[in-house]
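Side-chain atoms are counted along with the backbone in the values below, which use heavy atoms only and exclude waters and symmetry mates. Remember, it's a predicted structure, so these values are computed and weren't measured experimentally. Ligands are counted one by one from 1 in listed order, and the atoms in each one are counted from 1 as well.
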Amino acid sequence: MEILGFLYASLLFLIFIHGLELFRRRKLPPGPIGLPLLGNLLEIGPKPHAAFAKLAKKHGPLMTIRLGSVTNVVASVPDMAREILQKNDESFSGRTTPDAIAELDHADHAMAWISVGDVWKAMRKVLATYLTNTQKLDSLRDLRQKVVEEMVQHVNGVSQRGEAVEIGKLVFTAALNQMSNTCYSVNVADFKSEDVRGFQKAVKTIMEIDVQFNIADYFPLFKGLDLQGIRKKSKAAYGWLDALCDKFIHQRLRDRESSLPRCGDLLDSFLDFSQENEAEFSLKHARVLLVELFLAGTETSSNTTEWAMTELLLNPKIMAKLRQEIAEKVGAKGRIIEADIIGLPYLQAVIKETMRLHLAVPLLLPHRSEADVKVRGYTIPKNTQVLINAWAMARDPEYWESPDTFMPERFLGSELDFKGQHFSFLPFGSGRRMCPGIPLAQRVVSLMIASLVHHFEWELPQDVTPENLDMNDKFGLTLERATPLVAVPKIPNNHVNGASQRGEAVEIGKLAFTASLNQMSNTRYSVSVADFKSEDVRGFQKAVKTVMEVDAQFNIVDYFPLLKGLDIHGIMKKSKAAYGCLGALCDKFIHQRLRDRESSLPRCGDLLDSFLDFSQENEAEFSLKHARVLLVELFLAGTETNSNTVEWAMTELILNPKIMAKLRQEIAENVGAKGRIMEADIIGLPYLQAVIKETMRLHLVVPLLLPHKSEAEVEVKGYTIPKNTNVLINAWAMARDADYWESPDTFMPERFLGSDLDFRGQHFAFLPFGSGRRMCPGVPLAQRVVSLMIASLVYHFEWQLPQGVTPENLDMNDKFGLTLERATPLLAVPIIPY
Ligand code: HEM
């Protein structure tokens, strides 16, 4: 009987509570009724933004949600957001302080949590004056640039080791150092060390607990009991950041007492302002605001960048289009400058689209009504917590076409932006509590994304595919990725980049020889025969060099025909071995190709295919043997000549930094538009061509041309040259003759500018390719190959002589052979300009 009575009384109590709830709600917007005491708490789950969006579909765009004993009004469509943040901005400008920070200075000093009043106004004024106005931001530009350059250097190293990068940690470190440099003029974290985890942990803890379900926030009776240990966690995390900040403040105060020079950073400005306005901006306010900037400005910016990189990795076409836009802008300068990229429309569209799809602060910060407010016929009582579900609006198909698709194009040519006037897109909020950090965030995020995209190509790690990449988010004050994004950076132009990263010198001749060789072998056989990293290339280089040497070497047999066949110097033996090596390689390709043709494999369409076709049809004058000899000859003629010219050109450019800079500028201006060197663009560049001509003049690769022989008796200027006479043209001497050249020993490309002097065999003081019917047939090919190699080396790298080598002691001797090569190989250290 007693039990029945108890049950009956409980039932009556519940009915009473329910009635009370209905009465209290009669003027509030509709919403799910929920359970007694708990309200709708059980309906919310770990992703409140998604749960609210679902409930709004049933209960309407402005709904009431009771969480424990706290009444919340949630706005889920742009119209309602406008009512709250614009029309009734002042009335809804309050905040509810989370219990997590109740015991800390931050509760009544932090700009994000205090009510709008004199102190709040002073704080916003301090920020606007000393940090976020355009002039101030411009003056801090170099500092942001420096931090991002450090980030790029770090990723270069990672790329070189073939490792993956945790993008979130990387960009968090960059955002952190940007803040710490702005505030205290120091880096507080190192990209290489794990130190940054201390910060990341403190910041992430705060982001989590400030919005974590805390029983004390919903049942005020439990305030102060800290049943979940949230206050304790919060105290530890804020304590960590406060202590660091205190350290900087006290050190600075001591420095100021000792009259040390000012740093001119934010801390200096805050201390000045605090001295003059002690009442509304005490030292404590300064300290809290500095910590707040770290909190507000690091995780938000780094999360946005991490999501942007996630979407770009999943959408390679968008990544390519963005890279193209950045390259076009950066091209002329060769490095990313914040002022250049900030206004790029596609970059800004990518950032906006990231902010739309992955809203960093999905429910904004909770607002609170400062008075009873009428909204669309409902009455929202004073002290109601008001949440704006910006996340739901940014994904609502009513306002966005294909809302779940990442499509930056939707922002192109549209005036839709994040300045708080378009209520379907509120990544920074709107109205008087709107984020004051927009201009800073925009610069930081733009610079980080542009640098990562411009300098690297990105791949997912081996075991991750676009299909299985985790795209879940984790709710907190900011909406971060549930699992960190890990990606592998690849540097375009790998070989020299690698050396640069290791700080090693490159043997330019070997490098250029390998490139020439592979260009030749690809044209002839559709394969690369040499690898930049291996020593294999030495075998080829040795064979080619040997042929070049022995063909021009003094050979007693050449001058005393009686001795023919005796091979006194062993030259014939050497020659046979060298030609044999090249011939064998050529044979291998020919036979393989003949087998492929028999098996009806598809044609490669290369020179070898053409030679075989031609040989089949013209067997008599062009047999397989002719084809083989011609192929070997092309290797001989087209590798060492090109690579020697490149090596000499680089020698002169390193010795003449002004010429190198002028050339780099010319190339950059032309490459800019495409972001990579295209042969068609650079081939006609006048200064590049002048540098090549001047190299060919001063370092004539084939100094005596190939020896000619008279085919009959010839009269020349009154002399008779008998048949079969060896005729040598000393092109080298003519190219350095003071009668024809001003300051002939000086490297002066300008002499060719605006002049029609060229190497096509019509200007007899300048015959690098000879003239007449035996003139080099490879001029157009050589010009392209050499132009491309020099332009690539100069555009992508700055070059230094190795330690111990100075321009004065660099060996400039040449070594005579069929080609005139450097007596000692040129070694130089490539440096990647940022
Ligand atoms: C991608 C980067 C960022 C995003 C998405 C973001 C977003 C937001 C949002 C949504 C709010 C709340 C607005 C509201 O409640 O109506 C906010 C407030 C705030 N943000 Fe940002 N923010 C970012 C970067 C920054 C930076 C770099 C700073 C540093 C200057 C900053 C400082 C603040 C402060 C102090 C508040 C509190 C303002 C107040 O209550 O009066 N934020 N931010």
Side-chain angles (χ1 to χ4, degrees), residues 49 75 81-82 84-86 89 92-97 106 109-117 119-133 136-137 140 144 171-172 174-176 178-179 182-183 203 207 210-211 266 270 285 288-308 351-352 354-368 385-391 393-394 418-420 423 425-449 476-480:
H49 52 298
R82 186 182 286 109
I84 290 170
L85 299 176
Q86 193 178 59
D89 178 19
F92 287 113
S93 64
R95 295 273 197 226
T96 309
T97 315
H106 295 260
H109 286 71
M111 182 203 299
W113 299 119
I114 58 177
S115 296
V116 168
V119 174
W120 177 84
K121 280 187 194 144
M123 296 251 214
R124 294 217 40 141
K125 183 170 147 201
V126 167
L127 266 199
T129 315
Y130 299 117
L131 181 62
T132 56
N133 68 68
K136 210 56 198 172
L137 282 172
L140 296 168
R144 289 189 290 276
V171 291
F172 180 85
L176 195 62
Q178 287 195 333
M179 261 309 159
T182 308
C183 295
V203 173
M207 294 291 155
D210 276 0
V211 292
L266 210 60
F270 281 12
H285 285 114
V288 170
L289 183 53
L290 285 164
V291 169
E292 212 178 353
L293 290 180
F294 271 86
L295 287 170
T298 51
E299 186 77 353
T300 44
S301 303
S302 62
N303 272 351
T304 304
T305 309
E306 189 180 13
W307 278 117
I351 293 173
K352 285 179 188 164
T354 305
M355 288 185 169
R356 182 191 69 78
L357 208 52
H358 305 284
L359 235 106
V361 193
L363 299 174
L364 309 188
L365 296 184
H367 287 236
R368 196 187 45 144
Q385 181 156 290
V386 180
L387 303 175
I388 311 290
N389 196 347
W391 180 87
M393 300 175 213
F418 40 52
K419 308 254 162 78
F423 287 83
F425 184 48
L426 294 175
F428 293 102
S430 179
R432 68 190 65 197
R433 299 304 299 239
M434 182 175 172
C435 173
I438 300 178
L440 178 61
Q442 192 183 6
R443 285 163 191 244
V444 169
V445 171
S446 300
L447 195 59
M448 287 200 286
I449 297 178
L477 208 58
T478 62
L479 207 57
E480 62 173 338

Kindly give the heavy-atom pair with the smallest separation between Ala360 and Thr304, and that separation in Å.
CB-OG1, 4.0 Å

Indicate the atoms forming the closest heavy-atom contact of Gln385 with Pro366, along with that distance.
CD-CB, 3.8 Å

Looking only at heavy atoms, which two atoms of Leu359 and Ala394 are closest? And how far apart?
CD1-CB, 3.6 Å

Side-chain donor/acceptor of Asp89 to backbone N/O of Arg432, under 3.5 Å:
yes

Would you tell me which option among Ala296, Pro439, Ser302, Pro436 has the nearest heavy-atom contact to atom 36 (C) of ligand 1?
Pro436

Using a 4.0 Å cut-off to any heavy atom of Met355, which atoms of ligand 1 qualify?
1 (C)

Tell me, which protein residue and heavy-atom name are nearest atom 28 (C) of ligand 1, and how many Å apart are they?
Gly437 CA, 3.7 Å

Which atom pair, heavy atoms only, marks the closest approach of Ala174 to Met448?
CB-SD, 3.7 Å

Which bit of Ala360 is near ligand 1, meaning a heavy atom under 4.0 Å away: side chain, backbone, both or neither?
side chain

In ligand 1, which numbered atoms sit nearer than 4.0 Å to a non-hydrogen atom of Leu364?
10 (C), 14 (C), 15 (O), 16 (O)

For ligand 1, is there an atom lying under 4.0 Å from some heavy atom of Trp120?
yes

Working for side chain to side chain contact (heavy atoms under 4.5 Å, CB included), residues Leu447 and Arg443:
CA-CA 6 Å; Leu447 195 59; Arg443 285 163 191 244; over 6 Å; no

Top protein contact for atom 21 (Fe) of ligand 1, by heavy-atom distance:
Cys435 SG, 2.3 Å

Heavy atom of Arg124, distance to ligand 1 below 4.0 Å:
yes

Could you tell me whether a side-chain N or O of Glu292 sits under 3.5 Å from a main-chain N or O of Ala112, the two making a donor and an acceptor?
yes

So for Leu293 against ligand 1, with non-hydrogen atoms under 4.0 Å, the contacting part is side chain

Per-atom contacts of ligand 1 with Arg95, taking only distances under 4.0 Å to non-hydrogen atoms:
14 (C), 15 (O), 39 (C), 40 (O)

Can you find an N/O atom of Glu292 closer than 3.5 Å to an N/O atom of ligand 1?
no

Parallel, tilted or perpendicular: which describes the rings of Phe425 and Phe418, with under 30° parallel and over 60° perpendicular?
tilted

Looking only at protein heavy atoms, which one is nearest to atom 35 (C) of ligand 1, and how far off is it?
Met111 SD, 3.6 Å

among protein heavy atoms, the one nearest atom 13 (C) of ligand 1 is Arg433 O, 3.4 Å

Is Thr300 in polar range of ligand 1, meaning some N or O pair under 3.5 Å apart?
no

Least distance between heavy atoms, Arg95 atom then Trp113 atom
CB-O, 3.5 Å

If you count the atoms of ligand 1 from 1 in the order shown, which ones are under 4.0 Å from a heavy atom of His367?
14 (C), 15 (O), 16 (O)

Please verify the inter-ring angle class for His285 with His109; under 30° counts as parallel, over 60° as perpendicular, anything in between as tilted.
tilted

At their closest point, which heavy atom of Ile449 faces which heavy atom of Ala308, and how far apart are they?
CD1-CB, 3.5 Å

Could you tell me whether the side chain of Arg144 and the main chain of Leu137 form a donor-acceptor pair under 3.5 Å?
yes

What atoms of ligand 1 come closer than 4.0 angstrom to any heavy atom of Pro427?
5 (C), 7 (C), 10 (C)

Shortest heavy-atom approach to atom 12 (C) of ligand 1 - which of Ile114, Leu131, Leu365
Leu365

If we only consider heavy atoms of Gln442, is any one of them less than 4.0 Å away from an atom in ligand 1?
no

Val116 and Arg433: CA distance, side-chain angles, deciding distance, side chain to side chain contact (heavy atoms under 4.5 Å, CB included) verdict:
CA-CA 9 Å; Val116 168; Arg433 299 304 299 239; 3.7 Å; yes

among protein heavy atoms, the one nearest atom 6 (C) of ligand 1 is Phe428 CD2, 3.5 Å

Proximity of Thr304 to ligand 1 by residue part, where a heavy atom lies under 4.0 Å
side chain

Considering Gly297, Ser430, Ala110, which one's heavy-atom position lies nearest to atom 26 (C) of ligand 1?
Gly297

